[in-house]
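Written out below as structure tokens is the structure these notes cover.
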Amino acid sequence: MNNSKETVTNHTAVEKQTALDHRYMRMAAIWAENSYCLRRRVGALIVKEKMIISDGYNGTPSGFENVCEDENGLTKPYVLHAEANAITKIARSGNSSDGATLYVTAAPCLECSKLIIQAGIKRVVYSEPYRLEDGVELLVRAGIDVVRLNQEL
């Protein structure tokens, strides 16, 4: 009897987490609307204990013009990804992302995945694949729980 009760409890917990994942992902998609990038807008939220502790979207560093693409339509090399913006915001705030979940509208690239690992983030939820899978592969290799959420944004 206990086994059946545990199964129901675990199933309910999974349903609640999935519902939260969808809500936070919708919020990350709304946050992506702040980006000035024309090619692709990406949003990110860092959540810890059901609290949003940081946010970010892709764009140029503070103090730079809000133009992400050059005259050929290519992304400028100094544009920051949404994940990097959210993680660096944590560093400036004095908060800790250790054990947190990162919600991001596009799968992390390799460089952002390194930052995610170093920031102590333990779970990454994303909705759109990235053209390269090496970032997600690195996260999995590091033991981070990676979830692709099938959701229209």
Are [X] and [Y] side-chain neighbours, meaning at least one heavy-atom pair lies under 4.5 Å?
{"X": "Ile46", "Y": "Ile87", "value": "yes"}
{"X": "Pro108", "Y": "Ile116", "value": "yes"}
{"X": "Thr60", "Y": "Tyr78", "value": "yes"}
{"X": "Glu83", "Y": "Tyr103", "value": "no"}

Step by step, work out the side chain to side chain contact (heavy atoms under 4.5 Å, CB included) result for Lys76 and Glu69. CA-CA 5 Å; Lys76 293 179 179 176; Glu69 293 82 13; 5.9 Å; no

Have Asn85 and Tyr57 got a donor and an acceptor in their side chains that come within less than 3.5 Å? no

Excluding sequence neighbours, so at least two apart, what forms side-chain hydrogen bond (donor to acceptor under 3.5 Å, both in side chains) with [X]?
{"X": "Lys122", "result": "none"}
{"X": "Ser35", "result": "Asn58"}
{"X": "Asp145", "result": "Arg123"}
{"X": "Arg148", "result": "none"}

Pairs involving residues 65-109, ordered by first then second residue, that meet disulfide (SG to SG under 2.5 Å) (sequence neighbours left out): Cys37-Cys68

For Val42 and His81: C-alpha separation, side-chain torsions, deciding distance, then whether side chain to side chain contact (heavy atoms under 4.5 Å, CB included) applies. CA-CA 8 Å; Val42 179; His81 288 186; over 6 Å; no

For Val67, what are the other residues in its hydrophobic cluster, where any two members join if their side-chain heavy atoms are less than 4.5 angstrom apart? none

